[in-house]
Amino acid sequence: MPLIDANAGAPLERVAVLLPLPLAGPYDYAVPDDLDLKPGELVIVPLGGHERPGIVWGKASGEVAEEKLKRVAARIDCPPFSAELRRFVDWVAAYNLAPPGAVLRMCLSVSAALEPPRPRTGYRLAGPPPARLSQARQRVLELLAEGPARTQRDLMETAGVGAGVIRALLEAGTLAGVPLPEAPAFGLPDPAHARPVLSPSQAAAAAEIGARLRAGGFSCTLIEGVTGAGKTEVYFEAIAAMLALGRQVLVLLPEIALSAQWLERFERRFGVRPAEWHSDVRQSDRRRAWRAVMQGSARVVVGARSALFLPFRDLGLVIVDEEHDASFKQEDGVCYHARDMAVVRASLAGIPILLASATPSLETRANVDAGRYGRVLLGERHGAAPMPAIEVTDLRRTPPMAGRWIAPPAEALLRATLAAGEQAMLFLNRRGYAPLTLCGACGHRLQCPNCTAWLVEHRFSGRLQCHHCGYAAAPPASCPACGAEGRLKPCGPGVERLEEEARALFPAARIAVMASDTLAGPRAVAEMVAAMQAGEIDLLIGTQVMAKGHHFPMLTLVVVVDADLGLAGGDLRAGERTYQLLTQVGGRAGRAERPGRVLLQSYMPEHPVLQALAAGDTERFLGAEMAGRREAGMPPFGRLAALILSGHDGQAVAEAARLLARRAPQVAGMSVLGPAPAPLALLRGRHRYRLLVKAARQVNLQGELGRWLAPIRLPSSVRLQIDIDPQSFM
Ligand code: ADP
Ligand code: ZN
């Protein structure tokens, strides 16, 4: 339909609208006379023949010719996006070199939430009962006589009647339909519901944090303390303080698997469950949560990193638990680090943020050392439980038997622990039965056809699987290379193979395996955790899903089957990550009255990470790690960005990578390494090359990258991904 403008000649009022699409920036639109639009409002605009939702981003650029300008179709009836959230979107986009619309898409991830909720109809008594009053009809009338209008579903379930009964009563004029208000989505957490008595060190920490909250404005505080020190209880006090002020709180957790225990604990403390936000939440619940967050009725939201992009009405506090956790880094779509971006959001909103960890990241420590972040320390474990004793066994001196992984010292300790009626845990961060299958005749290794990766045998599912792309196949009967039959053999252990070994060693023990692929979702994790707490499991074998957060009072022994595993890759953070993970795993032991023990099996017990763990000397380890990073100009003292090129045509990718390298700018304090084929040179059928940009802190890294990359046109078959502050170097 052509636009007929009544005020032809008068300048149209124009606005810039950002669409949740990976476009270069906002687009200009004309505002119809009957609309008065303010920045942040949600609108429907035409784009490429479709109507799409968008956000009024500000004044129009004015670069679009009058006759080409399209008009805003409608305003969506919804509270506007705050200035703080809009600045945040722009900031995240600029920092991570992502299109702002791609960031906005994370804020508008449930488009159904933009539609007004479907009106619900309730039924109430409206006239005399019908002549024929069956028992079913009688039950409906009794229910409605007692109270307010109820939905049809509610009536059917509570009165135990079919839809026909209600229809008949309606037709008889006994019942009438009335519109019901939108059901409140979330209960109001009560800060005084079950206030704990804090230990003196918790009380001191809570008081210090409370003073920072009352001071107002932005501040970032690290809550540091060993696992079990009571950090959660301390930040619950901060949540209580914010709730008393009527403001909203966002809590980011790294692993949704641990949220079941966290949610229960929250409910015990505050009387209701918080709103949840992560990929396992059903679409209808996401819609409800999104609206409640926007309207301000969801007071506390707990979620994975994507919760950071929710349109809070009045966010007063952000908390990032396990702030060191690698899963806060998103590596597909828009690459960003949720912990770092959370600090940015808090700073733009002028509100406090708390980071909690037993093993803070070096980045956070450096910020504490520089005085940018505050730090409160919780010294000892809550209650009487001392920290577990950590020992390293030298596998060179007491190796396990061939084809076995539990060495004699570990076996003896496991036997003693089980005999004492206590629980033990075997930790191995490897899913499946065996990480490699090898032909005994020709040495051929079974590899993924789409990735530079070995296929991992999973006996539980009877498949060979690629852990990178999801490729799966039945194990072949003969070697695909030489045809030899019955010569394929598993190499190395995964948790399933460890289970086989443990069952042979301890036939009477009740053994369970906990790995992300053997458990179907958070509920299965929660059930296994409950079984462990109820003492129904003697020996738990698992990967990192069991390492985090769980509280097992009867667990007194943790054996780390291969403490060297994480150190092997040797990337920038290998030492730091291994230290964090093993501290985390070891922290499961001895959480109640009985003291815990941790045994690390290693072929290199002299490694500084293992030595520091055994000595419990975090400070020395971190000091050495910091010094090394400072000397090498590596994060947190220098900055990194990875450029990852990928495509199905390997030649084209290699050429594009060389082109980027040739055009690399000469900037003092900045160097470009590569290109080189990525360690994962083939991933999901795409060939991959990497360049690594290393820069001193004073270099404007994003600015330089932008100037370098903007003019380069890559073939459409080649994708360039920019990863600022990369965590993975694969
Ligand atoms: P962290 O978060 O540092 O690992 P938690 O907050 O989970 O430690 O506390 C460890 C255990 O101690 C939990 O089971 C928790 O319920 C209990 N706990 C901590 N503080 C208190 C307290 N003040 N009163 C009672 N129990 C507490
Ligand atoms: Zn693969």
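Atoms within each ligand, like the ligands themselves, are counted from 1 in listed order. Position 1 is the first residue of the sequence, and the numbers go up from there. Computation of the quantities below employed the complete heavy-atom set of this structure, encompassing side-chain atoms and omitting hydrogens, waters and symmetry-equivalent molecules.
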| note | ligand 1 atoms nearer than 4.0 angstrom to some heavy atom of Val197 are 22 (C), 23 (N), 24 (N)

| message | So that I can check it, does any N, O or S atom in His468 come closer than 2.8 Å to the Zn ion (ligand 2)? | response | no

| Would Cys469 count as a contact for the Zn ion (ligand 2), in the sense that one of its N, O or S atoms lies under 2.8 Å from it? | yes

| field | Cys451 SG and Cys466 SG subtending at the Zn ion (ligand 2) (10° steps) | value | 110°

| said: For Glu233, is there an ion pair with Arg265 - N to carboxylate O distance below 4.0 angstrom? | reply: yes

| task | Would you mind reporting whether Leu252 and Phe328 have side-chain heavy atoms less than 4.5 Å apart? | result | yes

| task | Report yes if Gly230 has an N/O atom closer than 3.5 Å to an N/O atom of ligand 1; otherwise report no. | result | yes

| Under 4.0 Å between a Lys/Arg side-chain N and an Asp/Glu carboxylate O for Glu536 and Arg510? | no

| said: Under a plain distance cut-off of 3.5 Å, with no hydrogens placed, do Glu323 and Thr364 share a side-chain donor-acceptor pair? | reply: yes

| When you check the side-chain N and O atoms of Thr359 and Gln580, is any donor under 3.5 Å from an acceptor? | no

| request: Check ligand 1 against Val226 and write out every atom of the ligand that is under 4.0 Å from a heavy-atom position of the residue. | output: 3 (O)

| said: When you measure from the heavy atoms of Gly225 to every atom of ligand 1, does any distance fall below 4.0 Å? | reply: no

| field | N-O pairing of Glu457 and Arg459 below 4.0 Å | value | yes

